[in-house]
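We use all heavy atoms of the structure for the numbers below, so side chains are in, but hydrogens, waters and symmetry mates are not. Count residues from 1 along the sequence.
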Amino acid sequence: MTQRSFHLAGVPVYIETNGYLVRSLAPSDVSDTFLQWMNSEDMMEGLNLPPINFSAQQLADYIAQFDNHRNFFLGIVDKSNNALIGFYTIDINLNHKVGHITTGIGEKNYSGKAVLWATIDALLDHFYLYRDLHKMSARILAKNRRMLFCFVKNPRFKLEGVLKEECLAPTGERVDILIFASLRSK
C-alpha cells in the first residue's frame, strides 16, 4: 500500500464544483425526500433493481456500510439550496486501481439539467489524483436513455464494449449493458 492510499483510507470525499457539492453521505443524511426518490420506480428501473422499499433505518444502515476506502456512497448536493439531488456509488478494486461507478439523479426538477456533466470531471480528477485510481468504468443499461446521454458524448469516457443480453431485468427481459471507461491521464 502506498503512503498516499494509506493516508486517505476512510477519509470522506468533499468536492465543490460548478455549483454542486459531491460528498460522502452519512446515515444522518436520510430524509423523507431522499427515501422517496431512492424508493421510486424510476430510480429502481434505472438501476435494474426490483422495488426495494427501504425504510429510513434500512437506508441509513445501507449508507453506513460504505467505508470511504473501498466503496463510497456520495451525495450530489445543489449548493444554492443545500438539497440532496442525486448520488454516485463507487466500488474500488485497490489491487488494480480501478473503480466502478453507478449514479442517479433522484430529484425530478434536475432531470435533463446536466448535473452529472457538471460534477463528473471533478469527481474523476479527485479519484485519479487523491485516491490513486487508474481507471473508472460505468455499466449502463442500454434502455436507460437518460444515463446513456451522460456518458455517450462525454469526452472523459469512451465506449469499451456492449455486453449483449448481459442481465435480466425484474420484468424477465434480457438487457444489454454498455460499458464506458475513463482512464487517468498520464
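Distance check, rounded to the nearest 0.5 Å: CD1 of Ile101 to CG of Leu116 gives 8.0 Å. Between Ile63 atom CD1 and Ser24 atom OG the span is 11.0 Å, to the nearest 0.5 Å. From Ile85, atom CD1 reaches atom CD1 of Ile76 across 6.0 Å, with rounding to the nearest 0.5 Å. The CG atom of Leu59 sits 12.0 Å away from the CG atom of Asn53 when rounded to the nearest 0.5 Å. Distance check: His126 NE2 to Arg131 CZ gives 3.5 Å after rounding to the nearest 0.5 Å. Separating the OG1 atom in Thr102 from the CG atom in Leu74 is a distance of 11.5 Å, to the nearest 0.5 Å.
In this structure, Tyr14 has no ring-ring contact (aromatic ring centres under 6.0 Å, His included) partners at least two apart in sequence or on a different chain. Annotation: side chain to side chain donor-acceptor pair (under 3.5 Å) contacts of Gln57 (sequence neighbours excluded): Asp61. Every salt bridge (Lys or Arg N to Asp or Glu O under 4.0 Å) that Lys143 has, sequence neighbours left out, goes to Glu173. Checked against side chain to side chain donor-acceptor pair (under 3.5 Å), Asn18 has no partners two or more places apart in sequence or in another chain. In this structure, the side chain to side chain donor-acceptor pair (under 3.5 Å) partners of Asp42, at least two apart in sequence or on a different chain, are Lys108. Partners of Asn81 under the side chain to side chain donor-acceptor pair (under 3.5 Å) rule, at least two apart in sequence or in another chain, are Tyr110.
In this structure, Asn93 contributes its side chain and Val98 its backbone to no donor-acceptor pair below 3.5 Å.
Ile179 belongs to a hydrophobic cluster whose other members, connected by ILVMFWY side-chain contacts under 4.5 Å either directly or through intermediates, are Leu141, Leu163, Val175, Ile177.
When all heavy atoms of Leu47 and Thr103 are compared, the closest pair comes out as CD2-O, 4.4 Å. Between Phe180 and Leu178, the closest heavy-atom pair is CE1-CB, 3.7 Å. Smallest separation of non-hydrogen atoms from Ala118 and Tyr20: CB-CE1, 3.8 Å. The two atoms that bring Pro27 and Ala64 nearest to each other are CG-CB, 3.8 Å, heavy atoms only. The two residues Leu124 and Ser182 make their nearest non-hydrogen contact at CD1-OG, 3.7 Å. The shortest non-hydrogen separation linking Asn39 to Ile52 is OD1-C, 4.3 Å.
Applying the salt bridge (Lys or Arg N to Asp or Glu O under 4.0 Å) test to every pair with at least one member in residues 11-20, sequence neighbours left out, gives these pairs: Glu16-Lys79. Sorted by first and then second residue, the side chain to side chain donor-acceptor pair (under 3.5 Å) pairs with a member in residues 26-36 read Arg23-Asp29; sequence neighbours excluded. Within the structure, ring pair (Phe, Tyr, Trp, His ring centres under 6.0 Å) contacts touching residues 78-104 (residues at least two apart or in different chains) are Phe73-Phe87.
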* To do: Tell me, with the steps shown, if Ile90 and Leu123 meet side-chain contact (heavy atoms from CB on, under 4.5 Å).
  => CA-CA 10 Å; Ile90 300 173; Leu123 181 73; 4.1 Å; yes
* Output, in order, the C-alpha distance, side-chain angles, deciding distance and verdict of side-chain contact (heavy atoms from CB on, under 4.5 Å) for Glu45 and Thr171. => CA-CA 10 Å; Glu45 184 177 309; Thr171 62; over 6 Å; no
* Test Leu84 against Trp37 for side-chain contact (heavy atoms from CB on, under 4.5 Å), laying out the working first. => CA-CA 11 Å; Leu84 177 64; Trp37 53 256; 4.0 Å; yes
* To do: Apply side-chain contact (heavy atoms from CB on, under 4.5 Å) to Arg70 and Asp91, showing your working.
  => CA-CA 6 Å; Arg70 293 181 190 274; Asp91 295 300; over 6 Å; no
Under 3.5 Å, side-chain donor or acceptor atoms of residues 144-152 against the rest of the protein: list the pairs with distances, not counting sequence neighbours.
unit_1, atom_1, unit_2, atom_2, d
Asn144, OD1, Met147, N, 3.2
Asn144, ND2, Gly46, O, 3.1
Arg145, NH1, Ala142, O, 3.0

With a cut-off of 3.5 Å and sequence neighbours excluded, list every side-chain donor-acceptor pair involving residues 154-161.
unit_1, atom_1, unit_2, atom_2, d
Asn154, OD1, Arg156, N, 2.7
Arg156, NH1, Asp121, OD1, 3.3
Arg156, NH1, Asp125, OD1, 3.2
Arg156, NH2, Asp125, OD1, 2.9
Glu160, OE1, Lys135, NZ, 3.2
Glu160, OE2, Lys135, NZ, 3.0

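Contact annotation: the side chain of Asn68 never approaches that of Val11 to less than 4.5 Å [non-hydrogen atoms, C-beta and beyond].
Ile15 and Trp117 end up in different hydrophobic clusters when Ile, Leu, Val, Met, Phe, Trp and Tyr side chains are linked at under 4.5 Å. No continuous path of ILVMFWY side-chain contacts below 4.5 Å connects Leu183 to Met136, so the two sit in separate hydrophobic clusters.
Aromatic ring orientation, Tyr62 versus Phe66: perpendicular (interplanar angle above 60°, classes split at 30° and 60°).
No side-chain donor from either of Tyr128 and Ser185 sits under 3.5 Å from a side-chain acceptor of the other.
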